[in-house]
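Below you'll find the structure, written out as structure tokens, and then a few comments.
We number each residue from 1, following the sequence as shown. Every heavy atom of this structure was used, including side-chain atoms; hydrogens, water molecules and symmetry mates were not.
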Amino acid sequence: MNAPASIMSVRAEVVEVLARLGVPKTALTKGSLAVLSPITGETVAEVTETDSKAATNAIHSAHETFLLWRRVPAPRRGELIRLFGEELRAAKTDLGRLVTLEAGKITSEGQGEVQEMIDICDYAVGLSRQLFGLTIATERSEHRMMETWHPLGVVGVISAFNFPVAVWCWNAALAIVCGDPVVWKPSEKTPLTAMAVQALFERAVAKFGEVPGHLSTLLIGGRDLGKVLVDHPRIALVSATGSTAMGQAVGPRLADRFARALLELGGNNAAIVAPSADLDLTLRGVAFSAMGTAGQRCTSLRRLFVQETVYDTFLPRLKAAYASVKVGDPREASNLVGPLIDADALKRMRSALEKAKGDGGVVHGGEVVELGGGAYVRPALVEIPHQTRIVRQETFAPILYVMRYRDLDEAVPMQNDVPQGLSSSIFTNDMREAEYFLSSQGSDCGIANVNIGPSGAEIGGAFGGEKETGGGRESGSDSWRAYMRRATNTINYGKTLPLAQGVTFDV
């Protein structure tokens, strides 16, 4: 029987869970990269990093795999992802637990992240029979014009600590059914979940049979490995999740060699509370979006605009929710807010709160919670007169800036007046307000919601944003097209050669 979380060290539990997932204890010692759990701050593993030469060799091998895998029919490729989804189902409890141990998410969020992986696998299996093009009307008789879609090449994935496995799966499940091998560099803060996922994928490969090696390759390390992925000519697409600064570095390097970029960068997401809003529903939506994952989602709610006639009714209720939420060890079911990823994240949060105070903000919460070495802090609610410089910046922590507004024509421009454009929402029961918010005159974000918060996207919709968020789209809808190349084809089945636009060229 496993020891209770309260008396088992995090390191011991990590080793035990990883062993069940197929990662041996020998892979967790004597490496150069120390892995720390945010729960206690303790080192839970020392893993071996991939050097640049090995990374380069892995990319070459992945390209050789591409030349073979692209010949496999797409529905057959989907069968591999179906098997991988079954491995995830069987390992959901353990893999979700590992997300909690390594990334600090509360138990339901750790389990939810694995469920998201399962969901995208199901989506990708269906997609493997729907990679369709168009038949296009042609002006030439006895001709047919169409478009076809073909595998693109090796896909590089650079993922972040806050979703250590789900975002990789968004990319990998679709890329593999589209015919592309994947080379993955996870965050150096969360390599253990990646190692576990790789082990599960290899189990699926063993059941599938006849899969060329290097269909999924894992690179462990820091920024230097990311540069190898970005600069290597055999990487056709790089999907990178991280800060806007990271995207500003990655984007030009990819453009310089005409490679594709799929960038998921910063978010400074807002919600508008209108006079007609259901305040009970709004309270729940705001609380989860702002405090869930300790404010460490790219879709976390960071700015809240409350109409002045409901401000004094809603704010006391929101303050009470902030004061009552339990902060602590994410393994304990009663805790809804776990730790920040590390001490640096806490330092950035405290710095932002000091700047907000200097701008006239009134801070509720934000106190450090001393709990056994982790970076625990109470979520902070900041009433502030207007959008100052610090409000317009993204701080990856549980800080919610709250401002009054008078009219919707004032609130929407305030919401849009930030460099980022990921997610947004409005709470209203007024149909006109809802439709205006979703129109071209309304939110300028890639995600715009009504009566739900900006956080918690489903896999069926395309995920991504505008402006400094990067413009990329992952997961559902037609995001699969990023992993394929389009060809326009014209077939002449007649005996003459008419030219387009009436051009004549008789020889």
field: Considering all heavy atoms, the nearest Pro186-Ala194 contact
entry: CG-CB, 3.6 Å
field: Gap separating the CZ atom of Arg485 from the CG atom of Leu152, nearest 0.5 angstrom
entry: 8.5 Å
query: Of Val197, Thr193, Thr190, which is the lone residue that meets side chain to side chain contact (heavy atoms under 4.5 Å, CB included) with Leu98?
result: Thr193
statement: salt bridge (charged side-chain N to carboxylate O under 4.0 Å, His left out) filter on Lys92, not counting sequence neighbours, yields none
message: Side chains of Asp329 and Tyr376 only: does a donor on one sit below 3.5 Å from an acceptor on the other?
response: no
task: Output all residues satisfying side-chain hydrogen bond (donor to acceptor under 3.5 Å, both in side chains) with Glu86, sequence neighbours left out; order by chain, then residue number.
output: Arg89
message: If you define the side chain from C-beta out and look only at heavy atoms, does anything of Leu101 sit under 4.5 Å from Leu192?
response: no
message: If I take atom CE from residue Met145 and atom NE2 from residue His143, how far apart are they, to the nearest 0.5 angstrom?
response: 10.0 Å
- request: Could you tell me whether the side chain of Asn171 and the main chain of Val167 form a donor-acceptor pair under 3.5 Å?
  value: yes
For Glu466, all residues meeting salt bridge (charged side-chain N to carboxylate O under 4.0 Å, His left out), sequence neighbours excluded: Arg473
- line: Those residues at least two apart in sequence (or on a different chain) that pass salt bridge (charged side-chain N to carboxylate O under 4.0 Å, His left out) with Glu49 are none
message: Quick check: do Glu142 and Lys495 have side-chain heavy atoms less than 4.5 Å from each other?
response: no
task: Indicate yes or no for a side-chain donor-acceptor contact from Thr469 to the backbone of Gly421 under 3.5 Å, with no hydrogens or angles considered.
output: yes
message: Any non-hydrogen side-chain atom of Lys105 less than 4.5 Å from a side-chain atom of Pro330?
response: no
message: Is it the case that atom CZ in Arg234 sees more than 12 heavy atoms from other parts of the structure closer than 6.0 Å?
response: no
- prompt: Can you pull the salt bridge (charged side-chain N to carboxylate O under 4.0 Å, His left out) pairs that have at least one residue in residues 249-261, sequence neighbours excluded?
  reply: Asp231-Arg253
task: Spell out, as yes or no, whether a donor-acceptor pair under 3.5 Å connects the side chain of Glu394 to the backbone of Gly267.
output: yes
- request: Report the distance from atom OG1 of Thr93 to atom CD of Gln111, rounding to the nearest 0.5 Å.
  value: 5.0 Å
message: Could you check whether any side-chain N or O of Ser479 sits under 3.5 Å from a backbone N or O of Glu474, counting only pairs where one atom can act as donor and the other as acceptor?
response: yes
- request: Measure across Leu265 and Met246 and return the closest heavy-atom pair with its distance rounded to 0.1 Å.
  value: CD2-CE, 4.1 Å
field: Intermediate values then yes/no, side-chain contact (heavy atoms from CB on, under 4.5 Å), Leu80 and Leu215
entry: CA-CA 11 Å; Leu80 173 58; Leu215 191 56; 3.5 Å; yes
field: CD1 on Ile81 to CD1 on Ile120, rounded to 0.5 Å
entry: 10.5 Å
- request: With the side chain counted from C-beta on, respond yes when Arg11 and Leu28 share a heavy-atom pair under 4.5 Å apart, and no when they do not.
  value: no
field: Atom pair CG/CH2 of Leu131 and Trp149 - distance to nearest 0.5 Å
entry: 10.0 Å
- prompt: Where is the tightest heavy-atom contact between Leu18 and Ala196, given as atom of each residue plus distance?
  reply: CD2-CB, 4.0 Å
Rounded distance (nearest 0.5 Å) linking atom CZ of Phe396 with atom CZ of Arg297: 10.0 Å
task: Go through the side-chain N and O atoms of Ser423 and Thr299 and say whether any donor and acceptor fall under 3.5 Å apart.
output: no
Within-4.5 Å side-chain heavy-atom neighbours: Ile452 and Ser289: no
query: Are the side chain of Lys467 and the backbone of Cys445 linked by a donor-acceptor contact shorter than 3.5 Å?
result: no
query: Can you check whether Thr395's main-chain N or O pairs, donor with acceptor, with Arg302's side chain at less than 3.5 Å?
result: yes
field: Listed partners of Glu458 passing side chain to side chain contact (heavy atoms under 4.5 Å, CB included), at least two apart
entry: none
message: What I want to find out is whether Lys326 reaches Glu332 closely enough, with some N-O distance under 4.0 Å, to be called a salt bridge.
response: no
message: I need the minimum non-hydrogen distance between Phe84 and Cys169, along with the two atoms involved.
response: CE2-SG, 4.0 Å
- prompt: Does Gln420 offer a backbone N or O that forms a donor-acceptor pair with the side chain of Asn268 under 3.5 Å?
  reply: no
message: One pair to check against side-chain contact (heavy atoms from CB on, under 4.5 Å): Ser37 and Val14. What are the steps and the verdict?
response: CA-CA 9 Å; Ser37 171; Val14 164; 5.8 Å; no
Pair listing, salt bridge (charged side-chain N to carboxylate O under 4.0 Å, His left out) test, anchored in residues 164-193, at least two apart: Lys185-Glu188, Lys189-Asp342
Result block: side-chain N/O donor-acceptor pairs under 3.5 angstrom for residues 53-61, not counting sequence neighbours:
{"unit_1": "Thr56", "atom_1": "OG1", "unit_2": "Ser52", "atom_2": "O", "d": "3.0"}
{"unit_1": "Asn57", "atom_1": "ND2", "unit_2": "Lys53", "atom_2": "O", "d": "3.4"}
{"unit_1": "Ser61", "atom_1": "OG", "unit_2": "Asn57", "atom_2": "O", "d": "3.1"}

- prompt: Any side-chain heavy atom of Val35 sitting closer than 4.5 Å to one from Glu102?
  reply: yes
query: Do Ser9 and Glu42 get their side chains close enough for a donor-acceptor pair, meaning under 3.5 Å?
result: no
field: Side-chain touch Leu336/Phe288, heavy atoms, less than 4.5 angstrom
entry: no
- prompt: Can you list the residues that meet the salt bridge (charged side-chain N to carboxylate O under 4.0 Å, His left out) rule with Asp119, with sequence neighbours excluded?
  reply: none
query: Do any pairs count as a salt bridge (charged side-chain N to carboxylate O under 4.0 Å, His left out) and have a residue in residues 65-79, sequence neighbours left out, and if so which ones?
result: Glu79-Arg82
query: For Thr293 and Glu109, does a side-chain donor sit closer than 3.5 Å to a side-chain acceptor?
result: yes
Polar side-chain atom of Glu113 near backbone of Gly96 as donor-acceptor pair, under 3.5 Å: no
- prompt: Are the side chain of Ser424 and the backbone of Ile447 linked by a donor-acceptor contact shorter than 3.5 Å?
  reply: yes
task: Could you tell me whether the side chain of Ser475 and the main chain of Ile459 form a donor-acceptor pair under 3.5 Å?
output: yes
- prompt: Between Phe201 and Val182, is a side-chain contact (heavy atoms from CB on, under 4.5 Å) present by the stated rule, with each step listed?
  reply: CA-CA 12 Å; Phe201 184 80; Val182 176; over 6 Å; no
query: Heavy-atom distance under 4.5 Å between the side chains of Val337 and Pro398, does that happen here?
result: no
- line: Applied to residues 202-211, the side chain to side chain donor-acceptor pair (under 3.5 Å) test, sequence neighbours excluded, yields Glu87-Lys207, Gln198-Glu202
- prompt: What pair of heavy atoms forms the shortest contact from Ile106 to Thr100, and how long is it?
  reply: O-OG1, 3.7 Å
- prompt: Do you know the tightest heavy-atom contact between Met195 and Val47?
  reply: SD-CG1, 4.0 Å
field: Sequence neighbours excluded, every pair satisfying salt bridge (charged side-chain N to carboxylate O under 4.0 Å, His left out) that has a member inside residues 146-175
entry: Glu147-Arg486
